[in-house]
Participant: 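Attaching a single structure in structure tokens format; questions to follow.
Just so we're clear, the structure is a prediction, and the values are computed from it rather than from any experiment.
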Amino acid sequence: MTPHEFMRAIIDEYRRARLTGRELPNVRRGRSRAISSRAEEYLAEYLVTSDPTLDLIYVDQPIRLPAGVIGNARTLQRYPDLVLIRNDCVDTLIDLKMDLGWSRNKMRELCQKHTQTVEFFAGQTGKLKDGQTKSEHTYQFSNNLRYFIVVVSGMNITQSKLKSQLDAAILFEPRVRVLVLSNNQHPNSYDLSPEETLRKMKVSDEAFNSLTYG
């Protein structure tokens with residue numbers, strides 16, 4: 001899967017989200033379904049087909065540290081959207097956002113939260129549970145654990161506000177980093193065809209490449 005194929009998949013998913021599942025003429029949606037879960041799966045597909053160093057990706061995977069490991073009285077649990085495994089080691093966590101329209105002023109707060117997660121989990125041994133089998137797996141978390149906030153589109157927010165949010169995030173690099181995958185045209189366009197939407201979109205190969213080691 002290429003970056004453009006990823007973005008086309010997102011465009012198509014937004015369009016499907018406007019429809020009901022069974023296409024009945026007398027059943028209409030007022031609001032579209034959320035597509036974030038499908039977007040997580042598409043991003044995982046892009047990564048495993050682009051990065052040969054990856055062993056496994058867990059999607060929507062809670063991660064846990066047992067009580068007492070870092071002085072915590074209870075089990076410490078966090079909820080990254082993607083967990084990347086290389087050489088049987090967790091080295092990357094990803095928080096996926098469709099755009100920043102959900103919160104135009106909270107990037108610093110989000111980066112602080114993810115920085116804390118990195119500080120807690122780096123170098124520790126934690127547990128993940130497989131969603132299909134419910135079996136638990138124990139993994140070492142890399143000493144160089146990193147957290148990406150991946151934003152699919154830089155639209156649905158003014159460009160000045162986007163810049164201010166990205167500027168705030170720079171303070172937390174390199175352990176937490178924000179990557180904006182596209183700009184200029186939001187993938188959820190009602191006025192353009194999928195082909196026109198993709199043509200108007202500025203896809204950032206640099207951001208996509210930053211996600212991979214391969």
Participant: With distance as the sole test, does Gln140 use its side chain to make a donor-acceptor pair with the main-chain N or O of Gly123 at under 3.5 Å?
Facilitator: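 At least one qualifying donor-acceptor pair exists.
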Participant: Around atom CD of Glu206, are there more than 12 heavy atoms of other residues, nucleotides or ligands at under 6.0 Å?
Facilitator: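 Atom CD in Glu206 is not crowded, with 12 or fewer foreign heavy atoms closer than 6.0 Å.
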Participant: Check whether Thr49 reaches the backbone of Met1 with its side chain - one donor and one acceptor, N or O, closer than 3.5 Å.
Facilitator: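 Yes: the side chain of Thr49 pairs with the backbone of Met1.
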Participant: Could you measure the distance from the CZ atom of Arg8 to the CD atom of Glu5? Nearest 0.5 Å is fine.
Facilitator: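 Between atom CZ of Arg8 and atom CD of Glu5 there are 11.0 Å.
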Participant: Students often mix this up, so state it plainly: with edges at 30° and 60°, are the rings of His114 and Tyr147 parallel, tilted or perpendicular?
Facilitator: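 The arrangement is parallel - the two ring planes meet at less than 30°.
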Participant: Any idea which heavy atoms bring Ala169 and Val178 closest together, and the distance?
Facilitator: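 Of all heavy-atom pairs spanning Ala169 and Val178, the closest is CB-CG2, 3.5 Å.
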Participant: State which residues pass ring-ring contact (aromatic ring centres under 6.0 Å, His included) with Tyr42; sequence neighbours excluded, sorted by chain then number.
Facilitator: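 With sequence neighbours excluded, Tyr42 shows a ring-ring contact (aromatic ring centres under 6.0 Å, His included) to no residue whatsoever.
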Participant: What are the two closest non-hydrogen atoms of Ser182 and Met201, and how far apart are they?
Facilitator: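 Looking at all heavy atoms of both residues, the shortest contact is CB-CG, 3.7 Å.
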Participant: Grouping I, L, V, M, F, W and Y whenever their side-chain heavy atoms are under 4.5 Å apart, do Leu56 and Val90 come out in a common cluster?
Facilitator: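 As far as the 4.5 Å side-chain criterion goes, Val90 and Leu56 are connected within one cluster.
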Participant: Donor-acceptor pair, distance only, cut-off 3.5 Å: does the side chain of Glu109 make one with the backbone of Lys106?
Facilitator: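 Side chain of Glu109 to backbone of Lys106, a donor-acceptor pair under 3.5 Å: no, none is there.
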Participant: Side-chain contact test, heavy atoms from C-beta onward, threshold under 4.5 Å: evaluate it for Asn183 versus Met155 and give yes or no.
Facilitator: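 When only atoms from C-beta onward are counted, Met155 and Asn183 do touch, with a gap below 4.5 Å.
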Participant: Does any N or O in the side chain of Thr92 come within less than 3.5 Å of the main-chain N or O of Arg146, such that one atom is a donor and the other an acceptor?
Facilitator: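 Not confirmed, Thr92 side chain does not pair with Arg146 backbone.
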Participant: Is any side-chain heavy atom of Val152 closer than 4.5 Å to a side-chain heavy atom of Met7?
Facilitator: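 Answer yes - side chains close enough.
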Participant: Measuring from Leu93:CG to Arg175:CZ, what's the distance to the nearest 0.5 Å?
Facilitator: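 Interatomic distance, Leu93 CG to Arg175 CZ, rounded to 0.5 Å: 11.0 Å.
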Participant: Taking all heavy atoms of Thr197 and all of Gln185, pick out the closest pair and write down the distance.
Facilitator: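 Heavy atoms only, the tightest pair is O-CG, 3.7 Å.
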Participant: Does the separation of the ring centres of His186 and Tyr14 fall below 6.0 angstrom?
Facilitator: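 Centroid separation for His186 and Tyr14: below 6.0 Å.
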Participant: Where do Ala44 and Ile57 come nearest, in terms of heavy atoms and distance?
Facilitator: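 Between these two residues, the closest heavy atoms are O-CD1, 3.6 Å.
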Participant: Any chance you could measure Thr212, atom OG1, to Leu54, atom CG, to the nearest 0.5 Å?
Facilitator: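 If I round to the nearest 0.5 Å, the distance is 8.5 Å.
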Participant: Within the structure provided, determine whether Phe141 and Ile63 are in side-chain contact (heavy-atom separation under 4.5 Å).
Facilitator: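 Yes; the side chains approach each other to less than 4.5 Å.
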Participant: Nearest 0.5 Å, what's the CG-CG distance between Asp55 and Asp88?
Facilitator: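 Result: 6.0 Å between the selected atoms.
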Participant: In terms of hydrophobic clusters joined by side-chain contacts under 4.5 Å, are Tyr79 and Leu43 together?
Facilitator: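 No, separate clusters.
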Participant: Has Asp95 got a side-chain atom pairing as donor or acceptor with Ile149's backbone, closer than 3.5 angstrom?
Facilitator: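 Here the side-chain-to-backbone pair does not exist.
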Participant: Are the side chains of Asp81 and Val150 in contact, using a 4.5 Å heavy-atom criterion?
Facilitator: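 No. Closest side-chain heavy atoms not under 4.5 Å.
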Participant: Any donor and acceptor pair, going by atom type alone, linking the side chain of Gln159 with main-chain N or O of Gly154 inside 3.5 Å?
Facilitator: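 Side chain of Gln159 to backbone of Gly154: a pair is present.
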Participant: In chain order, what residues pass the ring-ring contact (aromatic ring centres under 6.0 Å, His included) check against Tyr46, with sequence neighbours excluded?
Facilitator: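 Partners of Tyr46 under the ring-ring contact (aromatic ring centres under 6.0 Å, His included) test: Phe208.
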Participant: Under a 4.0 Å N-O cut-off, is there an ion pair linking Glu13 with Arg16?
Facilitator: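 Looking at Glu13 and Arg16, the cut-off is met.
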Participant: When you measure from the side chain of Asn209 to the backbone N and O of Asp205, does any donor-acceptor pair fall under 3.5 Å?
Facilitator: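 Yes, the answer is positive, given that a donor and an acceptor are paired below the 3.5 Å cut-off.
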Participant: Could you measure the distance from the CG atom of Leu162 to the CG atom of Leu100? Nearest 0.5 Å is fine.
Facilitator: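 It comes to 6.0 Å.
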Participant: Can you check whether Met98 reaches Asn156 side chain to side chain, under 4.5 Å on heavy atoms?
Facilitator: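 In short, these two side chains do not touch, never coming nearer than 4.5 Å.
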Participant: Roughly how far, to the nearest 0.5 Å, is SG of Cys89 from CG of Leu84?
Facilitator: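 So the gap between those two atoms works out to 11.5 Å.
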Participant: Do the side chain of Asn184 and the main chain of Lys200 share a donor and acceptor less than 3.5 angstrom apart?
Facilitator: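 A pair under 3.5 Å: yes.
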Participant: Please report the closest heavy-atom contact between Ala207 and Val180, naming both atoms and the distance.
Facilitator: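 Scanning both residues, the minimum pair turns out to be CB-O, 3.3 Å.
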Participant: For Ile94, which of Val83, Leu211, Val59 qualifies under side-chain contact (heavy atoms from CB on, under 4.5 Å)?
Facilitator: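 So the option named by the test is Leu211.
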Participant: Within the 4.5 Å heavy-atom criterion, are Pro194 and Asp12 side-chain neighbours or not?
Facilitator: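 Yes. Closest side-chain heavy atoms under 4.5 Å.
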Participant: Could you check Asp191 against Ser189 for side chain to side chain donor-acceptor pair (under 3.5 Å), going step by step and ending with a plain yes or no?
Facilitator: CA-CA 6 Å; Asp191 301 324; Ser189 172; 5.5 Å; no
